[in-house]
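I have placed the structure first, in the form of structure tokens, so that the comments after it can refer back to it.
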Amino acid sequence: MTPAGAQPGVLDGYDILILDAGYKQSLAAARSLGRAGLRVAMGECFVECDPALPVLAFRSRYSSCNVVLPSYAADPDAFASAVLDFVREHPTRVVLPTGDGVISALAPHRNRFDALGCVLALAPNGALEIATDKDRTLEVARKLGIDQPKTMRIDSLSEMPAMLAAFSFPFVLKPAVSWTGRSDHRLLPMEVVDRDEAADVTQGILAAGSSVLAQEWACGCREGVTLFIVDGEVRAACAHVAYRTHPPLGGASVMRESIPVPADIFAPAVRLAQAIGLEGVCEVEFRRDAAGRPLLMEINPRLAGTIENAVHSGVDFPRLIWQWAVGLPVDRVDGYRSGVRTHWLHGELRWLRDNYRRAGRPDSVPRGQAFWTFASDLVRTRHYDCFDRRDPGPFMAELRNTATSILKSRNPRAPATYLPGKEH
């Protein structure tokens with residue numbers, strides 16, 4: 001563990017340590033809480049970030065201390081011990097993880113944080129175990145009568161013939177658990193268009209330690225609602241529609257807009273979160289089918305990358321997390337601005353590149369249309385992820401990361417690199 005960037009002459013303690021400093025939602029949380037006058041430390045372990053490139057939140061004026069931690073992928077217990085050591089050496093009231101891998105590494109050690117007088121700002125462990133397992137989440141939703149895509153669970157390659165007989169191409173293959181601890185990256189859903197692709201993707205997910213969920217492909221719009229729940233009661237909600245994502249199927253949204261909460265997703269989202277027992281923040285994602293019916297995709301029991309859109313729309317979820325974690329009265333947010341658009345420029349350029357390569361596949365658009373849509377949205381969108389005139393460092397870091405990504409994409413011999421800023 002290597003603390004860096006601490007300011008001399010101040011108390012050696014922090015109000016909150018926000019982990020996954022390379023994620024945009026972590027940066028949004030740091031800015032929100034830093035502007036509120038809290039002393040913020042940021043942590044990163046470079047599992048999904050290139051250590052040669054700047055980390056977004058490490059460049060923020062609101063980070064009083066940047067902490068480099070061991071890899072949770074290589075040794076989750078060593079990672080957890082390093083976070084606990086930091087809290088012990090620098091008394092910290094709250095630790096906020098925002099990524100699946102970090103949550104998986106820290107949740108088993110919740111009692112050790114409690115013993116240090118520090119709150120791990122996460123839902124109860126039992127609820128996390130259900131929410132981070134898509135198969136278990138869908139089972140709860142089935143019992144509640146919540147619509148979802150036709151789904152089949154696959155636990156071995158021997159079940160592939162039954163899967164191929166049950167689904168027509170294209171269909172979707174996704175991991176039951178995105179973070180298994182046996183892979184150095186988060187597992188993502190993939191669409192498949194033929195038997196060879198289905199075999200390759202199934203084998204890859206199984207080898208990474210997760211069961212596979214085969215699902216029918218829904219072609220409609222992607223909508224989600226972020227909830228904040230205290231003692232089973234919804235204190236705040238904010239909905240969005242994601243126009244484009246990277247990766248194109250079920251990835252991080254690169255262009256999204258706040259919308260009034262659709263009644264046909266709000267009610268099932270609340271029932272699902274309450275049935276699972278989630279507390280604090282969560283995001284429930286849906287995708288509509290060709291008839292416009294919303295189908296449940298997943299529930300994320302953490303801050304998601306769309307949180308900046310909610311903050312711009314008037315729902316400051318990071319502030320609610322702080323209130324909830326330290327036992328303050330949690331504000332009730334009864335409304336927000338709809339029609340607020342936020343744009344992730346780095347992700348949009350990756351979407352353009354991938355769309356060009358994926359011509360004719362599900363969720364792709366004609367190349368000319370893709371470029372025109374991108375160009376017109378540059379003009380129409382007021383808010384850009386990572387950009388803040390009062391805190392320019394992270395945006396400058398993302399520009400450097402984007403330039404590096406472009407240069408590497410032009411060099412076919414360069415290794416593929418994850419760049420900081422990815423939202424989940």
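For reference, positions follow the sequence shown, starting with 1.
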According to side chain to side chain donor-acceptor pair (under 3.5 Å), who are the partners of [X], at least two apart in sequence or on a separate chain?
X: N355; answer: none
X: T226; answer: none
X: Y243; answer: E257
X: R271; answer: none

Hey, could you give me each pair passing ring pair (Phe, Tyr, Trp, His ring centres under 6.0 Å) that has a residue in residues 25-71? Not counting sequence neighbours.
none
Could you tell me whether [X] and [Y] have a side-chain N and a carboxylate O separated by less than 4.0 Å?
X: R235; Y: E233; result: yes
X: D385; Y: R256; result: yes
X: E398; Y: R59; result: no
X: R358; Y: D354; result: no
X: R361; Y: E197; result: yes

[X]: ring pair (Phe, Tyr, Trp, His ring centres under 6.0 Å) partners, not counting sequence neighbours:
X: W179; value: Y72
X: F395; value: F387
X: F171; value: F167, F169
X: H109; value: none

With sequence neighbours left out, write down each residue that passes side chain to side chain contact (heavy atoms under 4.5 Å, CB included) with L116, or none if nothing qualifies.
L84, V87, R88
Taking side chain to side chain contact (heavy atoms under 4.5 Å, CB included) as the definition, give me every residue that meets it alongside E129, ordered by chain and number, with sequence neighbours left out.
R136
Look at the side chain of E279 and the backbone N and O of D231, then say whether any donor-acceptor pair between them is shorter than 3.5 Å.
yes
Do the side chain of R287 and the main chain of G220 share a donor and acceptor less than 3.5 angstrom apart?
yes
Counting only heavy atoms not in Q203, do more than 12 sit closer than 6.0 Å to its CD atom?
no
May I have all residue pairs that pass salt bridge (charged side-chain N to carboxylate O under 4.0 Å, His left out) and include part of residues 304-318, sequence neighbours excluded?
D316-R319
How are the rings of Y14 and F86 set relative to one another: parallel (under 30°), tilted (30 to 60°) or perpendicular (over 60°)?
parallel
Starting at NZ of K134, measure out to CG of L296 and round the result to the nearest 0.5 Å.
11.0 Å
Nearest-0.5 Å distance that lies between atom CD1 in I130 and atom CG in N125
11.5 Å
Show your working on side chain to side chain donor-acceptor pair (under 3.5 Å) between D20 and S26 and close with a plain yes or no.
CA-CA 6 Å; D20 305 292; S26 297; 5.1 Å; no
Begin from the C-alpha positions of T98 and R302 and carry the test side chain to side chain contact (heavy atoms under 4.5 Å, CB included) through to its verdict.
CA-CA 6 Å; T98 63; R302 51 173 170 75; 5.7 Å; no
